[in-house]
Protein chains: 2
Amino acid sequence: MAAMKKSDEPAAERPAKAFSSEVATGSRKENASKQESGAPFRSHRNGTGPRAADRIRASAAELFYREGIRAVGVDEVVDRAGVTKPSLYRSFASKDDLAAAYMRDYEANFWENFEKPGGKSYADPREHVLAYIKVLSARAVATGYRGCGLTNATVEYPARDNPARQVAEAHKKLFRKRLRELAALMGARHPAMLGDALLLLIEGIYVTGQQSEEGPAQSALTVARLLIDAGVAKP
Amino acid sequence: MAAMKKSDEPAAERPAKAFSSEVATGSRKENASKQESGAPFRSHRNGTGPRAADRIRASAAELFYREGIRAVGVDEVVDRAGVTKPSLYRSFASKDDLAAAYMRDYEANFWENFEKPGGKSYADPREHVLAYIKVLSARAVATGYRGCGLTNATVEYPARDNPARQVAEAHKKLFRKRLRELAALMGARHPAMLGDALLLLIEGIYVTGQQSEEGPAQSALTVARLLIDAGVAKP
DNA sequence: TGACAATGTTACTGACCGGTACGTATACAC
DNA sequence: GTGTATACGTACCGGTCAGTAACATTGTCA
């Protein structure tokens with residue numbers, strides 16, 4: 001029932017380029033053709049190419065992110081992964097369990113993106129946060145942006161006991177804490193409030209970014225600067 | 001195919017107390033019991049109680065808002081409405097069409113709530129926006145809050161051609177325009193930017209409000225004041 | 001009273017969905 | 001080589017879903 005295999009491969013936060021899966025030896029390229037028939041995945045585990053479970057994770061990551069979890073059936077996931085349904089249910093107890101694994105992978109990837117926005121580390125917390133928001137808001141106004149997978153999951157699954165939602169909820173709690181921490185490091189007069197302000201702004205970017213291109217995310221960086229400057233200024 | 005009956009009864013924005021439907025003569029009370037069997041709705045249109053289509057709208061509004069559109073089947077909608085499936089399909093071409101109607105109803109209700117927050121009109125645009133955010137953020141930290149139905153629909157339906165999404169997208173465009181307008185009336189130096197800042201904040205409230213109670217929405221009113229004051233101040 | 005509009009009743013369809021029973025191929029141990 | 005564990009596929013199941021067909025029933029209004 002509660003199998004819960006451990007995550008070792010982060011899911012995609014950016015829409016395209018989802019497949020990665022550097023777990024197994026091989027490094028087969030997998031361009032996003034709806035149903036690759038050329039170069040069929042050699043079955044029965046012969047050393048080249050990722051295992052079924054990893055292919056499923058990658059397939060689920062891409063499909064769940066782009067179309068939503070509820071909208072995607074397990075058949076579509078396994079088809080895209082080039083495996084069969086029993087392979088899915090050997091590694092995951094249920095679709096809900098797969099969705100939870102997707103959430104964990106997504107979260108791991110999120111923290112990479114957040115802690116090193118644009119691939120760079122930042123010593124200054126202010127520059128750190130602004131860099132993240134800059135990268136984020138650029139992505140958010142691009143075509144096909146679908147927001148934060150974790151946020152979207154809380155919208156798709158309002159029930160508290162849903163496994164995917166639980167991962168997402170826990171993450172959001174952590175994220176809030178981290179932002180407050182960074183606000184404190186900035187020297188904010190009210191770190192909790194500045195952290196919350198930044199969180200509201202960031203979640204606003206996530207969600208408006210998928211409502212339309214040319215959305216309000218354009219203004220986000222300026223707003224973030226304003227919030228931070230107002231929050232750390234001497235009274 | 002594209003029937004699209006006109007809306008005349010707004011959907012609920014607050015979670016509880018969804019049924020209203022003042023269209024027909026009667027005003028039967030409808031407390032939210034999962035499957036009211038007492039006082040069965042007198043069928044065949046006898047003058048008391050709302051028509052089938054209205055009951056369906058009300059039922060859909062409550063269920064779609066609380067559980068999400070995809071999560072609710074048409075059977076559940078008609079069961080709760082106390083009508084039968086053919087009645088649904090006599091008034092709505094498809095579930096998608098019903099969802100679009102739900103969106104239109106929701107939007108009508110939204111504008112009422114937005115233009116008269118707490119039931120009051122405001123001459124001062126600053127007080128107007130702040131009043132809305134005050135009412136909103138209070139609701140957003142309450143148990144069972146589910147955010148904005150229109151926003152949620154854009155998350156549930158990423159495909160641009162989905163009828164419900166189209167209503168939601170159009171609404172968000174209008175809402176952005178309205179906020180920029182109010183920002184201009186406040187005397188903002190950059191009305192477009194202040195409007196966007198407020199939009200990002202409000203959408204942030206919607207979405208974080210359903211992630212947890214005690215969320216960052218607590219700080220929203222203070223943040224809004226800060227944004228407005230910074231945006232209208234003399235340079 | 002009779003036509004009509006609105007609704008209910010029953011039963012059905014075909015597609016899809018999550019999930020599984022069971023057989024099969026490969027790799028490795030000995 | 002044979003045994004065994006592992007990784008995978010084939011084929012299927014029962015349930016649910018959106019949507020429909022055909023007909024019965026009731027109230028309204030002319």
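Lettering follows sequence order; numbering is per chain, from 1.
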Minimum-distance nucleotide to A:Lys85 side chain [options: D:dT20, D:dC8, D:dC12]: D:dC12
Selected nucleotide, minimal atom distance to B:Lys95 side chain, candidates D:dG9, C:dT9, D:dA18: D:dA18
Spacing of B:Arg51 atom CZ relative to D:dT28 atom P, expressed in whole Å: 11 Å
Selected nucleotide, minimal atom distance to B:Ser94 side chain, candidates D:dG9, C:dT7, D:dG19: D:dG19
d(CG, B:Asp75; C1', C:dC17) in whole Å: 15 Å
Rounded interatomic separation in angstrom, taking CZ from B:Arg70 and C1' from C:dC16: 14 Å
Nearest-nucleotide pick for A:Arg90, side chain only, options being C:dT7, D:dC17, D:dC8: D:dC8
Whole-Å gap separating P (D:dA18) and CG (B:Asp79): 12 Å
Protein-nucleotide distance (B:Ile69, atom CD1; D:dC17, atom P), rounded to Å: 16 Å
Spacing of B:Arg55 atom CZ relative to C:dG8 atom P, expressed in whole Å: 9 Å
Among D:dT10, C:dT7, C:dG8, the one nearest B:Thr84 by side-chain distance: C:dG8
Parallel, tilted or perpendicular: rings of A:Trp111 and A:Phe114 (30°, 60°): perpendicular
Phosphate OP1/OP2 of C:dT20: any A:Tyr89 side-chain N/O under 4.0 Å: no
Touch class at under 4.0 angstrom, heavy-atom based, for A:Val78 against every strand present: nothing
Sequence-distant partners of A:Lys85, side chain to side chain donor-acceptor pair (under 3.5 Å), two or more places apart: A:Asp75
Atom-to-atom span, CG of B:Asp97 to C1' of D:dG19 - whole angstrom: 13 Å
Under 3.5 Å donor-acceptor, B:Arg180 side chain and B:Gly195 backbone: no
Side-chain donor or acceptor of B:Arg70 paired with backbone N/O of B:Glu156 under 3.5 Å: yes
Distance, rounded to the nearest Å, where A:Glu76 contributes CD and C:dC17 contributes P: 8 Å
Centroid-centroid distance, B:Tyr206 to B:Tyr145, less than 6.0 Å: no
A:Gly73 or A:Pro86, whichever maps to the more 5' nucleotide of DNA chain C: A:Gly73
